[in-house]
2 protein chains.
Amino acid sequence: MAGDGETAPRVRPLYRGVRETLVRRIAEGVWQPGQALPSEFEIAADLGVSQGTVRKALDELTAERLVVRRQGRGTYVARHDDERILFQFFKLIPDSGERRFPESRVLAVARRAADEAAAGRLGVAAGAGLVEIERVRCVGGTAAIVERITVADALYPGLAERALPNNLYELYAAEFGVTIAAATERLKAVAAGPREAEHLGLAPGTPLLAVDRTATAIDGRIAEWRVSLCRTDGLHYLCELP
Amino acid sequence: MAGDGETAPRVRPLYRGVRETLVRRIAEGVWQPGQALPSEFEIAADLGVSQGTVRKALDELTAERLVVRRQGRGTYVARHDDERILFQFFKLIPDSGERRFPESRVLAVARRAADEAAAGRLGVAAGAGLVEIERVRCVGGTAAIVERITVADALYPGLAERALPNNLYELYAAEFGVTIAAATERLKAVAAGPREAEHLGLAPGTPLLAVDRTATAIDGRIAEWRVSLCRTDGLHYLCELP
DNA sequence: CAGTGGTCTAGACCACATG
DNA sequence: ATGTGGTCTAGACCACTGT
C-alpha cells in the first residue's frame, strides 16, 4: 500500500522526508540522547511507508553519526560521550600512543556584545550577547592548547554562571538541547604570542597550530565558534582524506 | 572501559564480496578510469546475485569515490581529473575566494635508497629504490608550498626520467596503473628553515604548516609519501568534521 | 523509444540480544 | 521465545539520458 503514484509531485525521495521527520523529532527532544527509537516497523507504520524506506533514512542518520544502531538491540540517539567527542571532534593526537581526552582548566568566562567578526562567525546580529570562555587544555600532563570559545548567549541562557565541564558538547546537549552535529575547521600556522607562550611554557614566537572551528547543531544553526592554539611538538593534527 | 574494537563479522555479507570483485577488476584495469561499468543487471547476472545486492556494493564504491554514477547514463570508474584532486586531496584554500589548482615547478628529481624512516612510511624494505621529487607550488601566483614527494621505484618504473605534470595522481593512474584512493595527513606547525624561507620569499623562522601525507592505492598498498611545507598567510587548511 | 540508475515495496531468512 | 537490526531477493515504477 502506501500509494506512491497519484500524490503530489515528488521531487524529493520519500526516505528524505522520513529522515527529516526523524531529525526533527530528535532535535525537539522527543527521543533523548541515549534513548532508543521505535523499531523500523513501528516507524514505518507510524509514517505510512515501508520498512525498507525507514531503513534507508536510518542508514543516512547512521552515516551522519546522529544515531547508533546495534543488531538485536535497537536504534539509539547518539550521545556526546567522551569517546565520540574524542574520535569525531578532537583531532590532536600524540605522535606515538593513544588518543587521550584532554583535561581543561578554565581561565576566564566573560559576557560581551558581539563585534562584527564574532557576529559573522556565529550568524547573530552585531551587538548580540555573547559568552566567551578561555581555557587551557592538557594532553598527557603537559599544557598543549590555549583556546577561546565564543557562543551566543541566547542559545545557552545562564551558561556564564555555570561550572564548566571538560566536555562542553555534552553540556550543550543535556542542559540546553543543542546537539552539535558537525564542524568546520580552518588551520593556520602562527607564532605564539607572549600570552600563549606563558600558558604553554614555550618561548614567544614558537610556531603553533591555530584551529578555527565553527560547530553546527543538527537543526543547522551555528552553535559555537572556537579558536584553539596548539603546540605540535609531540602532537599532531590528524586528518583522513577518504 | 575502552570499548574494544569490534571484530570482523562472522559471515561476510554477499555485497562485500561483490564489492571486492569489482574493486579487483578496477585495480586490474578491466575497466579503465572514465569508462563505464556494465549495468547493475549485467553485473548481477555475471556474479549470480540479485540487482539489489550489486546496487549495495556500488553504493559503497560511490561513497568511497571509486566510481561515479549518473542516472540514465551508467556507472563510470572515477578519474583523477584536476577537479577531483582539488576537492578530495587539496585542502589548502585561499582565505577568501575560490579553490584553485596550484601550479608546480620541479626543483629536483633524485633516486636514492630507502633509509629507515622512508622505508617505514612507504612499507618497503630498507635499501629499496626510491624516487624523490622536490617542487614548489604556487597558489594564485605566489609561491605557497615547498614539498618533497617520495615513492618506491618499483611501483613507478622510469618515473625519475619522465617529465612530471602538475597532477601526479593522474600520471600514476594513467601510466602506472596505480590509483590513489585515500590519504592520511598529519599536520604540525614548524618554523621555516633557510631553504623554505628562500623558496617562499619569507623570513627564516616564519611559522609554516607541515603536512605529512601517506597516500594509499585502491589495492591497499602505500603509494606515496609527501611532506608539504605551506605558508598560511592568506591561505588555510580546510577540514570538515562530519 | 530503449536502457540506465533511483526509489519503493513486500517478504524471507539470518545474526544478535534479551528475558 | 521474542524482538531487534542486517542481508538478500524479486518486482514494480519513476526519472533521466541518449537514439
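So you know, we letter chains A, B, ... as the sequences are listed, proteins then strands, and number each from 1. Reckoned from all heavy atoms, side chains included, excluding hydrogens, waters and symmetry mates. Remember, it's a predicted structure, so these values are computed and weren't measured experimentally.
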Checking B/Arg99 against B/Phe90: charged group under 6.0 Å from the ring centre and within 45 degrees of the axis? no
Give the rounded distance in Å between these two atoms: CZ of B/Arg19 and C1' of D/dC8. 18 Å
Starting at CG of B/Leu37 and ending at P of C/dG3, how long is that distance when rounded to a whole Å? 19 Å
With sequence neighbours excluded, residues passing side chain to side chain donor-acceptor pair (under 3.5 Å) with B/Glu175: B/Arg162
Mind running a 4.0 Å heavy-atom check of residues 51-72 of chain A against DNA chain C and sending the residues that fall below it, in number order? A/Thr53, A/Lys56, A/Gln71, A/Gly72
Taking five pairs at each end, how big is the angle between the two axes of the helix from C/dC1-D/dG18 to C/dT18-D/dA1, to 10°? 10°
Nucleotide C/dT7, atom P - distance to CZ of A/Arg16 in whole Å: 7 Å
Euclidean distance, atom CG of residue B/Leu14 to atom P of C/dC14 [Å, nearest integer]: 14 Å
With sequence neighbours left out, write down each residue that passes side chain to side chain donor-acceptor pair (under 3.5 Å) with B/Arg100, or none if nothing qualifies. none
Among D/dT9, C/dT9, C/dT7, which nucleotide sits nearest the side chain of B/Ser50? D/dT9
Using atom CD of B/Glu40 as one end and atom P of D/dC8 as the other, report the distance to the nearest whole Å. 15 Å
Do the numbers put B/Arg70 on top of the ring of B/Tyr76, so that NZ or CZ is under 6.0 Å from the six-membered ring centre and no more than 45° off the axis? yes
Does A/Thr75 have a side-chain nitrogen or oxygen under 4.0 Å from the phosphate oxygens OP1 or OP2 of D/dG5? yes
Applying side chain to side chain donor-acceptor pair (under 3.5 Å), name anything that partners A/Arg137, two or more places apart in sequence or on another chain. A/Ser104, A/Asn166
Check side-chain contact (heavy atoms from CB on, under 4.5 Å) between A/Ala173 and all other residues, then give those that pass, not counting sequence neighbours. A/His80, A/Thr179
So the salt bridge (charged side-chain N to carboxylate O under 4.0 Å, His left out) pairs with at least one residue in residues 82-91 of chain B (sequence neighbours excluded) are none
Among the nucleotides C/dT18, C/dC8, D/dT7, which one has an atom lying closest to any side-chain atom of B/Tyr15? D/dT7
To the nearest angstrom, the CZ-P distance between A/Phe41 and C/dG11 comes to 9 Å
For B/Glu28, enumerate each residue passing the side-chain contact (heavy atoms from CB on, under 4.5 Å) test, keeping only those at least two apart in sequence or located in another chain. B/Arg24, B/Val30
Tell me which pairs pass salt bridge (charged side-chain N to carboxylate O under 4.0 Å, His left out) where either residue lies in residues 48-69 of chain A, with sequence neighbours left out. A/Arg16-A/Glu60, A/Arg19-A/Glu60, A/Arg19-A/Glu64, A/Glu40-A/Arg55, A/Glu40-A/Arg69, A/Asp59-A/Arg69
Which nucleotide in the list C/dT4, D/dA10, D/dG18 gets nearest to the side chain of B/Arg73? D/dG18
